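Quantities reported herein were computed from a predicted structural model and do not represent experimental measurements. Sequence lines set the chain letters: A, B, ... in the order given, protein chains first and strands last, and positions in each chain run from 1.
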There are 2 protein chains.
Amino acid sequence: MDRTTIEDAIFPDCPIRNILARLCDKWSLLVLYTLNKAGKEPIRFKELQREIPDISQKMLTVTLRTLEEDGYVTRTIYPEVPPRVEYALTERAYSLLPRINALIAWALENRDPIMKDRKAFIGKSRN
Amino acid sequence: MDRTTIEDAIFPDCPIRNILARLCDKWSLLVLYTLNKAGKEPIRFKELQREIPDISQKMLTVTLRTLEEDGYVTRTIYPEVPPRVEYALTERAYSLLPRINALIAWALENRDPIMKDRKAFIGKSRN
DNA sequence: AGCAATAGTTACATTTTAGTAAGTATCTGA
DNA sequence: TCAGATACTTACTAAAATGTAACTATTGCT
């Protein structure tokens with residue numbers, strides 16, 4: 001659970017290094033996006049797994065814990081059997097999500113030309 | 001130079017996995033931000049290094065190449081001695097940057113409460 | 001008694017990413 | 001002749017992130 005990664009001593013206040021770097025891993029954006037897509041209703045662990053079928057149980061746990069740590073999601077445990085744990089987005093997440101969605105929309109709009117450039121670059125670098 | 005990372009076979013069209021994932025590494029956002037900060041004038045390799053003092057030469061090269069590959073920066077070599085290589089942002093980068101800057105601004109605004117939550121979480125998890 | 005269900009944890013292995021240090025090329029100026 | 005400048009590349013190492021598989025707990029159901 002030690003995801004201190006890029007908390008550099010040189011730039012302890014840099015918002016990129018401190019805040020954004022933690023969202024920049026393999027799963028965080030995807031989990032936030034998926035929770036948001038589900039609407040305002042909280043969503044269970046298992047359901048999240050179904051939505052992101054290639055995430056491992058461990059990484060879903062780790063990702064959710066990190067998001068909780070930074071206050072993007074809440075975790076509510078219902079002491080039932082079998083256990084029920086629900087995850088919901090916080091106000092902080094809702095204030096961030098428009099920015100993330102703008103980024104996703106941009107990525108979608110620009111995906112094809114980017115992919116083209118990416119492929120073309122192979123030839124270029126072999127020159 | 002094989003940064004295919006999260007190009008998952010399951011979701012080959014996902015903009016998060018394909019486009020954003022490549023910007024989500026330790027240095028890409030910082031390099032884009034730094035190039036942008038410098039204004040519209042191109043900037044030399046060495047100068048970028050001075051602006052981001054803790055990036056290694058190798059990672060600056062790798063990061064710039066990936067950004068070039070996806071069409072965010074151009075690389076212009078001037079055959080002088082000592083060599084001069086200038087990097088500049090493309091139109092694509094300029095269309096992306098407002099979104100990134102919005103994210104950075106959000107991160108800056110929310111940094112203090114997030115850091116607070118992050119610290120408080122330690123105690124919570126030991127309960 | 002034994003299995004199913006959910007939401008984990010843990011130890012371990014693998015993969016990916018990043019850092020280090022040395023080497024390359026070329027010309028200039030002391 | 002030899003250091004200095006720039007922009008790299010390369011081989012190697014270290015560290016971090018992620019994946020895998022097994023294990024935990026509890027209760028209801030058959």
Do [X] and [Y] belong together in a cluster built from hydrophobic side chains that touch within less than 4.5 Å?
| X | Y | answer |
| --- | --- | --- |
| B/Trp106 | B/Leu108 | no |
| A/Leu103 | B/Tyr94 | yes |
| A/Tyr87 | A/Ile77 | yes |

Sub-3.5 Å pairs of nitrogen or oxygen atoms, protein against nucleotides 19-22 of chain C:
from: C/dG19; atom 1: OP1; to: B/Lys26; atom 2: NZ; distance (Å): 3.0
from: C/dG19; atom 1: OP2; to: B/Trp27; atom 2: NE1; distance (Å): 3.3
from: C/dG19; atom 1: N7; to: B/Lys58; atom 2: NZ; distance (Å): 3.1
from: C/dG19; atom 1: O6; to: B/Lys58; atom 2: NZ; distance (Å): 2.4

Answer whether the closest heavy-atom distance between the side chains of [X] and [Y] falls below 4.5 Å.
| X | Y | answer |
| --- | --- | --- |
| B/Asn36 | B/Ile100 | no |
| A/Leu67 | A/Leu23 | yes |
| B/Ile114 | B/Arg118 | yes |
| A/Leu64 | A/Phe45 | yes |
| B/Tyr72 | B/Leu35 | no |
| A/Ser95 | B/Glu109 | no |
| A/Arg17 | B/Asp54 | yes |
| A/Ile19 | B/Ile104 | no |

Closer to the 5' end of DNA chain D via nearest nucleotide, is it B/Val81 or B/Ile77?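 With B/Val81 and B/Ile77 compared, the 5'-side residue is B/Val81.
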Does a side-chain N or O of [X] approach OP1 or OP2 of [N] to a distance below 4.0 Å, or not?
| X | N | result |
| --- | --- | --- |
| B/Tyr87 | D/dC8 | yes |
| B/Arg75 | D/dC8 | yes |
| A/Arg65 | C/dT9 | yes |

Between [atom2] on [N] and [atom1] on [X], what's the gap in Å once rounded to a whole number?
| X | N | atom1 | atom2 | answer |
| --- | --- | --- | --- | --- |
| A/Leu60 | D/dT20 | CG | C1' | 16 Å |
| A/Glu80 | C/dG8 | CD | P | 13 Å |
| B/Leu64 | C/dA18 | CG | P | 14 Å |
| A/Gln49 | D/dG19 | CD | P | 12 Å |
| B/Glu47 | D/dT6 | CD | P | 11 Å |
| A/Asp25 | D/dA15 | CG | P | 21 Å |

Interface residues of residues 37-46 of chain B with DNA chain D (non-hydrogen, below 4.0 angstrom):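 B/Arg44, B/Phe45, B/Lys46 - these, ordered by number, are the residues of the stretch whose heavy atoms sit under 4.0 Å from the strand.
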Axial bend angle, the helix from C/dA1-D/dT30 to C/dA30-D/dT1: five-pair end segments, nearest 10°: 30°
Among C/dG8, D/dC8, D/dA5, which is the nearest nucleotide to the side chain of A/Thr61?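 The nucleotide sitting nearest to the side chain is C/dG8.
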Let me know, please, whether B/Pro83 or A/Arg84 comes out on the 5' side of the other along DNA chain C by nearest nucleotide. A/Arg84
Does the pair B/Arg50 and B/Ile43 meet the rule for a side-chain contact (heavy atoms from CB on, under 4.5 Å), with working shown? CA-CA 11 Å; B/Arg50 268 190 293 271; B/Ile43 180 171; over 6 Å; no
